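Some notes on the structure that comes next.
Just so you know, these numbers come straight off a predicted model, no measurement behind them. Every chain is numbered from 1, with letters handed out A, B, ... down the list of sequences.
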Amino acid sequence: MTFWLLLTLNSVTFGGLLFLLSAGFSLIFGLMRIPNLTHGSMFMVGAYLGTTLLSGALGFRFNFWLAALIAALEVALLGALMERFLLRRLTGQQLAQVLVTLGVSFMVADLCLMGWGGDPISVVTPPGLTGFVRAGGAVFPLYRLGVIAIAVVFAIALWLMLERTRLGAMIRAGVDDPQMARVVGIRVSQLFTIVFALGAGLAGFAGMIGGPILSVYPGLDQDMLPLALVVVILGGTGSLLGSFVGSIIIGFIYNFGQALLPELAYFILFLPMVLVLVLRPQGLFGGQIL
Amino acid sequence: MTSRSIGGRVAITVAILALAALPYAIKEIYYVNIASQILLYAIFALGLNILVGYAGLVSLGHAGLFGIAAYIVAYLLTSGHGHAFAIVAALIGSLSVTACFAALSLRATGISFIMITLALGEIIWGLAYRWISLTNGDNGISVATRPSPFGLALGDARVFYGATLIVFLLSVAASAIFVRSPFGAALRGTRDQPRRMNALGYHVWLIRFWAFMFSGLLTCVAGILFVYYNEFISPQALALTASAEALLMVISGGAGTLLGPIVGAALVVIVKNVASAYVERWNFMLGAIFVAIVVFMPEGLVPGAVRLARSFWRSASRSKSASAAVAGPRQ
């Protein structure tokens, strides 16, 4: 019983982390029609930058949350620059854009290896969330509950942004029909930069938030990118609800798979993605943005 | 096919002779091994090029096919079977997997095709990485010996190079025949105008399926050579990075040409092996080359160089005739 409870809580935690990662991925995919293959790199860079800010190597020891925020902003800037100066040159050539993101992910991975070395760096749990919660004989780290809370807060904030603000309406219009959006006077290309920066920033933030659970190591990008892909394919591109539900589903499949069928863990992780792509290419919630 | 110019034939003959003479011209075994690597990756790239260049379908899962052939050989050899049995079984097994790949991924084109092949490649990688009782996980499988067909000991680097060269030449010839056949023309038709081809009565799906199978065949052959070359296989050879590297070979050299993937394979292998001795950040270089080629020379090195050379000759001959025209009236 305790085992199942722990596994379930871990699954929800991981799902929350995946939502932070994949929400931006989904919006970029929905708007620009390309999978951003640097998204895993953004996650890793966010985590690395955060650890540097935490360690006080810059002369000032930042608070965990402040470090996560600054790292997210830096990664968002990186995303904006990449969209503006690389992807913008290839407007309309989706294949070339995908290949460029792939090339950049190679470069980022190598730069991180150069900057932060090959050893895994563990991230200290922020003070205040170091405790444990006891429930029904199970002991559960408080920080993981905190991650779930953060994911829920971000989900609500993103939903409000998309549903209640002018920017959100513009993004929805762009996802729905970029040409029509352009005709009615929305600067879609500017929207691309904003959404790319937003998505990258969210991924960077997720990297730092995930730090105390996953730690940071070379190859983290290659571990996270396929997960984001699976979530977004499952949930449908450009759909916030889809990436939320997809994240929770994948969180469960990943954790239960690792615990119960470790030999086939990746098989049962990617199988739903293939099935969805083959049987329902628009994803479970595709075509609607919420 | 028969209209090939004499110059072209001479060039091909010289190239084959140069490739055959290579191991005797090079003293160091290290460089002979690099040459073998280039040839086996060129076969892989030629296979991927059939899909990317001629069918217009970009696959990011081909390392899975490459690896499955290698794993079947390694597994059968370690469980005591002979080389011939292992190779035949690897071809049959990996071609069956290729057929599954094709059946699933050809429901889509464009970005969706990339995503499905990527997911399928990751499944194969995940199995190799995690199904430890079968694949020995991250530690990989070592293969003790290379075969010695017809009394040729392939354990020797130069002999192995010769065998790889023969397989490579056969692959190039097969690709050339495939591409120039009516089927190849139909395949290019499905790339450029799938709906018109459909209206003309061609079975677009089936044409793509057979192209996928041929692509898979070359990929699997390269995988078998790979496991014999390294005498080792581990999940790294199946990872997304490996698929991306193969794609880089095709695109950097020039997708949709026969020479392009070969040049691309040489470029990538040389950057990986030779440049890594001098530059520590070769992975960064690989990524940077990728980005630069996609942005500045999207058609690839071979067509790009041909275009540059043509425009150079044209401008040169034009200036010559222009100067002749200016000089003419004076005389």
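The CZ atom of B/Phe290 sits 9.0 Å away from atom OG1 of A/Thr101, with the distance rounded to the nearest 0.5 Å. Between the CD atom in A/Gln258 and the CZ atom in B/Arg130 there is a gap of 4.0 Å [rounded to 0.5 Å].
Both the backbone and the side chain of A/Leu99 come within contact range of chain B, judged by heavy atoms closer than 4.5 Å. Heavy atoms closer than 4.5 Å to chain B are found in both the backbone and the side chain of A/Met114. Contacts between A/Val100 and chain B at a heavy-atom distance below 4.5 Å involve backbone atoms as well as side-chain atoms. Contact of A/Leu269 with chain B is not made at all, since no heavy-atom distance falls under 4.5 Å.
Contact tally against chain A (heavy-atom pairs below 4.5 Å) for B/Leu286, B/Leu247, B/Thr241: the top residue is B/Thr241. Among the candidates B/Leu134, B/Leu104, B/Leu118, B/Ile289, the residue making the largest number of heavy-atom pairs closer than 4.5 Å to chain A is B/Leu104.
A tilted orientation is assigned to the rings of A/Tyr266 and B/Tyr129, their planes being inclined by 30° to 60°.
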Using the rule given for side chain to side chain contact (heavy atoms under 4.5 Å, CB included), can you reason through A/Leu113 versus B/Asn283, listing the C-alpha separation, both sets of side-chain angles and the distance that settles it, and then say yes or no? CA-CA 10 Å; A/Leu113 188 61; B/Asn283 235 327; over 6 Å; no
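Scanning both residues, B/Ala244 and A/Phe106, for their nearest heavy atoms gives CB-CZ, 3.6 Å. Among all heavy-atom pairs drawn from A/Pro35 and B/Ile111, the shortest one is CD-CG2, 3.6 Å.
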